[in-house]
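Here the structure comes first, spelled out in C-alpha cells, and everything after it is commentary.
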Amino acid sequence: MSINIAIDGPAGAGKSTVAKAVSAELGYIYVDTGALYRTIALFITENNISDENIPTEIKNADVSLKFVDGVQKVFLGDRDVSGLIRTPEISMEASRTSAIPAVREYLFGTQQKIARENNVIMDGRDIGTVVLPEADVKIFLTATPEERAERRYKELSEKPDCPCYEEILSDITERDHNDMNRPVAPLKQADDAILVDSTDLTLREVVDTIIRIINQKTGR
C-alpha cells in the first residue's frame, strides 16, 4: 500500500519548499496542490469566467503535473504555466476561487488518484482534513504572519515590481482570513496532525523535524 503524507498550513509557511525537500530525501512523489488551484485561477482569469459559469467552463481546463528534467511543472493544456501562477494577483484569486465547490470537486479526484497509486507528500490547506483524511502522517506547518511576510519579501526583493513588506503582510493576513473562513473545506489543523512552527527554525531544521516525525510514524 502507498504511504501518504499530508502537510497543511497557511500561505507563506513554506509548505511547498519543505515538502519538495522531504520528498526528495525520502523518495516520495511531491504533489503541489496549491499549483493546481493557482492554475485553475489562471484559467478563470485569462478567460474572464464569471463565478456562475465556473461549474460549466471549468470542464474545459486541462490541468496536469509533469516532471521536466526532474522538476515538477504545472501545465494548462500544452503550456507550462509554472511561472505565471506565482503572481500576487493569481495567489489572491486562487484563495478566492478555491472556496468554490465546483473547483474543489474538479481537482479532488485527481489528487486522490495520485495518492492511491504512489507514496506521496501532498501539501495544501485541507489535505489532512478533506483530501486525504486517512493519511499516514499529518503535519500542520505554520509560522507567524510577520515571519511569513518577511520570507516572501526576501523572495521577491530582487524583482523590480516587488511590493513593500507592509503590502505583503496585508495580503497574507487577508489570505489567512479567507482560507480559515471559507464555507468549503476551511484551513484548520486536523485533530491528529502534528504542529510544526517554523518561525524560529531554519529550512534544514524544519525538514529534519518532519522527516523524523514521518520515520517515527511509519516505522522507517
Side-chain heavy atoms under 4.5 angstrom apart, residues restricted to Ile, Leu, Val, Met, Phe, Trp, Tyr: same cluster for I3 and V137?
yes
Candidate pair R86 and E155, rule side-chain contact (heavy atoms from CB on, under 4.5 Å), full reasoning:
CA-CA 12 Å; R86 299 297 174 182; E155 179 184 344; over 6 Å; no
Specify the closest pair of heavy atoms between P55 and K59, including all atoms of both residues, with the distance to one decimal.
O-CE, 3.6 Å
Keeping the roles fixed (side chain from D32, backbone from G34), state whether a donor-acceptor pair exists under 3.5 Å.
yes
Is there a continuous path of hydrophobic side-chain contacts, each under 4.5 Å between heavy atoms, that joins V196 to Y30?
no
Looking only at the side chains, is there a donor atom on one of R116 and S2 sitting less than 3.5 Å from an acceptor on the other?
no
With no hydrogens and no angle check, do the side chains of D179 and S95 hold a donor and an acceptor under 3.5 Å apart?
yes
Backbone N or O of Y28 within a donor-acceptor pair of the N119 side chain at under 3.5 Å?
no
What distance separates M92 CE from T87 OG1, expressed to the nearest 0.5 Å?
11.5 Å
Look up atom CG in L187 and atom OG1 in T142, then write down how far apart they are to the nearest 0.5 Å.
8.0 Å
Over all atoms of both residues, closest heavy-atom pair of A102 and I58
O-CD1, 4.0 Å
Can you hop from I85 to I100 via hydrophobic side chains spaced under 4.5 Å?
yes
So, K138 side chain and P133 main chain: donor-acceptor pair closer than 3.5 Å or not?
yes
Min side-chain heavy-atom separation L203-T17 under 4.5 Å:
yes
With salt bridge (charged side-chain N to carboxylate O under 4.0 Å, His left out) as the test, would you mind laying out the steps for R152 and E147 before giving the verdict?
CA-CA 9 Å; R152 183 64 173 161; E147 176 64 19; over 6 Å; no
Sub-3.5 Å donor-acceptor pair from the side chain of Q189 to the main-chain atoms of A193, do we have one?
yes
Closest heavy-atom pair, I172 versus A11, reported as atoms and distance to 0.1 Å, is CG2-O, 4.4 Å
Check: E93 side chain, T45 main-chain N or O, donor-acceptor pair, under 3.5 Å
no
Taking the side chain as everything from C-beta on, heavy atoms only, tell me whether K188 gets closer than 4.5 Å to M180.
no
Please examine the side chains of T33 and L107, heavy atoms only from C-beta on, and report whether any two atoms are closer than 4.5 Å.
no
Polar contact flag, side-chain donor to acceptor under 3.5 angstrom, R151-S198
yes
Within the structure provided, determine whether P10 and F140 are in side-chain contact (heavy-atom separation under 4.5 Å).
yes
Taking it one step at a time, do L76 and V63 satisfy side-chain contact (heavy atoms from CB on, under 4.5 Å)?
CA-CA 5 Å; L76 185 55; V63 180; 4.0 Å; yes
Are V31 and I121 side-chain neighbours, meaning at least one heavy-atom pair lies under 4.5 Å?
no
So which atom in D8 and which in G128 form the shortest heavy-atom distance, rounded to 0.1 Å?
OD2-N, 2.7 Å
Can you tell me if T199 uses its side chain to pair, donor with acceptor, with the backbone of T144 under 3.5 Å?
yes
Check the pair V120 / I5 against side-chain contact (heavy atoms from CB on, under 4.5 Å), numbers first and verdict last.
CA-CA 6 Å; V120 302; I5 312 299; over 6 Å; no
Are V22 and I194 grouped together when hydrophobic residues (ILVMFWY) are joined by side-chain heavy atoms under 4.5 angstrom apart?
yes
Given side chains that start at C-beta, do those of I211 and E25 come closer than 4.5 Å, heavy atoms only?
yes
Mind checking the CG-CD spacing from D51 to E57? Nearest 0.5 Å is all I need.
12.5 Å
Does N181 CG have over 12 foreign heavy atoms under 6.0 Å away?
yes
Neighbour count above 12 (heavy atom, 6.0 Å) for F75 CZ
yes
May I ask you to check whether T129 and D126 show a side-chain donor-acceptor distance below 3.5 Å?
no
Do we see a donor-acceptor contact under 3.5 Å between the side chains of R125 and S98?
no
Nearest-0.5 Å distance that lies between atom CD1 in I214 and atom CD1 in I139:
6.5 Å
Residue N60 excluded, over 12 heavy atoms near CG under 6.0 Å:
yes
Using a 3.5 Å distance criterion without hydrogens, assess whether the side chain of T209 forms a donor-acceptor pair with backbone atoms of E205.
yes
Minimum-distance pair of heavy atoms, taken over all atoms of M122 and Q111
CE-O, 3.4 Å
Strictly distance-based, threshold 3.5 Å: is any side-chain N or O of K15 a donor or acceptor partner for the main-chain N or O of G9?
yes
Does D208 pair with R212 as a salt bridge, N-O distance under 4.0 Å?
no
Does the side-chain hydrogen bond (donor to acceptor under 3.5 Å, both in side chains) test come out yes or no for T56 and N53, once each step is laid out?
CA-CA 6 Å; T56 301; N53 288 329; 5.8 Å; no
Look only at the side chain of R148 and the backbone of A143, and say whether a donor-acceptor pair between them is shorter than 3.5 Å.
yes
To the closest 0.5 Å, what do you measure between CG (D171) and OG (S91)?
8.5 Å
Do L42 and Y106 sit in one hydrophobic cluster, given that two such residues count as connected whenever their side-chain heavy atoms are within less than 4.5 Å of each other, even indirectly?
yes
How long is the span from the CG atom in D197 to the CG atom in L201, to the nearest 0.5 Å?
7.0 Å
Steps toward side-chain contact (heavy atoms from CB on, under 4.5 Å) verdict (L156, I168):
CA-CA 10 Å; L156 297 174; I168 294 173; 4.3 Å; yes
Close side-chain approach of F43 to R38, heavy-atom, < 4.5 Å
no
Closest contact, heavy atoms only, A185 versus V130:
CB-CG2, 3.8 Å
Checking the side chain of N178 only, and the main-chain atoms of R96 only, is there a donor and an acceptor separated by less than 3.5 Å?
no
Any side-chain heavy atom of N4 within less than 4.5 Å of one from N118?
no
Is the number of heavy atoms from other residues, nucleotides or ligands within 6.0 Å of CG (D78) greater than 12?
no
Is it true that, when you exclude E117 itself, more than 12 heavy atoms of the residues, nucleotides or ligands shown sit nearer than 6.0 Å to its CD?
yes
